[in-house]
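Since the structure comes first, as structure tokens, the remarks are kept for the end.
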Amino acid sequence: DSLDGGLWRHHLGQLAYYRGDFPEALRQFQQEWRLQAQRPVTSLRGRLQRSLGNVLTDMGLLASAGRIVETALAQQRASDDPDRFKTLGRLGEIRIRQGDQTAARAAYEESWDLQPASQREGRTAVYLGHLALLEQDLAQADAWYQTAEQADRDQGIAFNPYRLMGRIAL
């Protein structure tokens, strides 16, 4: 097994995750972790930790997911990893599920601010809209969904089902 093997393991883990086969996803990520441990820490470690956080979140293991995502975030801040905004999005989701809307907002807003204005993902604005819905601030939710629509349009994304769900909830 080499680093390439580790990348393949990540791909297999992602496929298992999207199938809902969390035990298999964890097995593949464990193999990738073993291979990455033999090398200096790179941005791949943060990506792996974020992926583990995804699985643990969906398994309901929010405390463990939060710890591993926070570790990834600390490493990404130290290395100025450009994917840090994705990890902040994961942390926001964990915090929402834990009932900490203030921490979720801070994570989502930092994620939004880190993205270059011309490359912002509508998904982050959608999350901020969903958070506003949870807070029963319908005007703010609507504003974030409009922002998401423009960001998606700027990125050539015609359909965002999460934005649509938010609009329906309004």
Side-chain angles (χ1 to χ4, degrees), residues 13-22 25-26 29 43 45-170:
Q14 288 291 89
L15 290 173
Y17 172 71
Y18 291 127
R19 281 193 321 267
D21 187 351
F22 300 148
L26 290 174
F29 292 149
S43 62
R45 176 75 55 92
R47 182 191 67 174
L48 173 58
Q49 290 169 312
R50 184 175 61 248
S51 294
L52 284 166
N54 292 347
V55 176
L56 295 172
T57 299
D58 287 352
M59 292 176 70
L61 301 170
L62 299 177
S64 296
R67 281 191 299 275
I68 200 160
V69 167
E70 286 174 348
T71 299
L73 194 53
Q75 292 169 353
Q76 289 175 324
R77 282 190 170 119
S79 67
D80 201 24
D81 186 329
D83 276 351
R84 186 169 77 221
F85 78 95
K86 294 177 183 179
T87 305
L88 283 159
R90 170 53 49 190
L91 184 61
E93 183 177 340
I94 293 166
R95 295 303 178 235
I96 278 183
R97 289 185 185 199
Q98 291 175 323
D100 189 345
Q101 293 176 346
T102 302
R105 176 172 302 290
Y108 289 142
E109 287 176 348
E110 184 179 350
S111 174
W112 181 255
D113 291 342
L114 283 172
Q115 298 172 54
S118 64
Q119 299 173 358
R120 285 187 168 143
E121 290 191 357
R123 179 175 23 191
T124 307
V126 166
Y127 295 153
L128 284 158
H130 290 349
L131 182 58
L133 275 178
L134 288 172
E135 296 168 340
Q136 299 182 8
D137 186 342
L138 302 184
Q140 187 65 36
D142 185 49
W144 276 115
Y145 294 140
Q146 288 178 26
T147 300
E149 186 172 0
Q150 184 60 52
D152 284 343
R153 196 177 5 246
D154 291 347
Q155 299 302 319
I157 298 169
F159 179 69
N160 181 328
Y162 300 106
R163 187 181 75 237
L164 181 61
M165 287 187 288
R167 286 273 185 210
I168 290 169
L170 280 174

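For the single chain, residues carry numbers from 1 onward in sequence order. Since the model is a prediction, treat every value here as computed from it, not as a measurement.
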*Closest heavy-atom contact between Ala148 and Gly122?*
CB-O, 3.4 Å

*Look only at the side chain of Gln115 and the backbone of Ser111, and say whether a donor-acceptor pair between them is shorter than 3.5 Å.*
yes

*Find the distance between CG (Leu114) and OG1 (Thr124) and round it off to the nearest 0.5 Å.*
10.0 Å

*Output the distance between atom CD1 (Ile68) and atom CG (Leu61), rounded to the nearest 0.5 Å.*
11.5 Å

_CZ on Phe29 to CG on Leu56, rounded to 0.5 Å_ = 10.0 Å

*Hey, what do you get for CZ (Phe22) to CG (Asp58), rounding to the nearest 0.5 Å?*
4.5 Å

*When rounded to the nearest 0.5 angstrom, what is the spacing between CZ in Arg50 and CG in Leu91?*
12.0 Å

*Do you know which two heavy atoms are closest between Val126 and Tyr145, and how far apart they sit?*
O-CE2, 3.7 Å

*Under the side chain to side chain contact (heavy atoms under 4.5 Å, CB included) rule, what do Ser51 and Tyr17 come out as? Steps first, then yes or no, please.*
CA-CA 9 Å; Ser51 294; Tyr17 172 71; over 6 Å; no

*Could you pull out the closest heavy-atom pair between Arg84 and Leu73, with the gap in Å?*
CG-CD1, 3.4 Å

*Is it true that the side chains of Ser64 and Arg67 contain a donor and an acceptor less than 3.5 Å apart?*
yes

*Hey, mind stepping through Tyr127 and Ile96 against side chain to side chain contact (heavy atoms under 4.5 Å, CB included) and telling me if it holds?*
CA-CA 10 Å; Tyr127 295 153; Ile96 278 183; over 6 Å; no

*Trace of the side chain to side chain contact (heavy atoms under 4.5 Å, CB included) decision for Thr147 with Arg120*: CA-CA 10 Å; Thr147 300; Arg120 285 187 168 143; over 6 Å; no

_side chain to side chain contact (heavy atoms under 4.5 Å, CB included) for Arg77 and Leu88? Distances and angles first, verdict last._
CA-CA 11 Å; Arg77 282 190 170 119; Leu88 283 159; 3.8 Å; yes

*Does some side-chain heavy atom of Arg105 sit less than 4.5 Å from a side-chain heavy atom of Glu135?*
yes

*asked:* Can you give me the closest heavy-atom contact between Gly53 and Ala65, atom names plus distance?
replied: O-CB, 3.7 Å

*Is there a donor-acceptor contact under 3.5 Å from the side chain of Arg97 to the main chain of Thr57?*
yes

*Please check if any side-chain donor atom of Thr71 sits under 3.5 Å from a side-chain acceptor atom of Gln49, or the reverse.*
no

*Ser43: what forms a side-chain contact (heavy atoms from CB on, under 4.5 Å) with it, not counting sequence neighbours?*
Asp81

Please table the atom pairs, donor to acceptor, closer than 3.5 Å between any side-chain atom in residues 157-170 and protein atoms at least two apart or in another chain.
| residue | atom | partner | partner atom | Å |
| --- | --- | --- | --- | --- |
| Asn160 | OD1 | Tyr162 | N | 3.0 |
| Asn160 | OD1 | Arg163 | N | 3.1 |
| Asn160 | ND2 | Asp152 | OD2 | 3.0 |
| Arg163 | NH1 | Asp152 | OD2 | 2.6 |
| Arg167 | NH1 | Asp142 | OD1 | 2.2 |

*Taking all atoms of both residues into account, what is the closest heavy-atom pair of Gly13 and Ala25, and its distance?*
O-CB, 3.4 Å

*Between CZ on residue Arg47 and OG1 on residue Thr87, distance to nearest 0.5 Å*: 11.0 Å

*asked:* For a quick test of reading the model, state the closest non-hydrogen atom pair linking Glu121 to Trp112 and the distance between them.
replied: O-CZ3, 3.5 Å

*Do the side chains of Leu26 and Leu52 get nearer than 4.5 Å, heavy atoms only?*
yes

*Any donor-acceptor N/O pair, Gln155 side chain to Ser118 backbone, under 3.5 Å*: yes

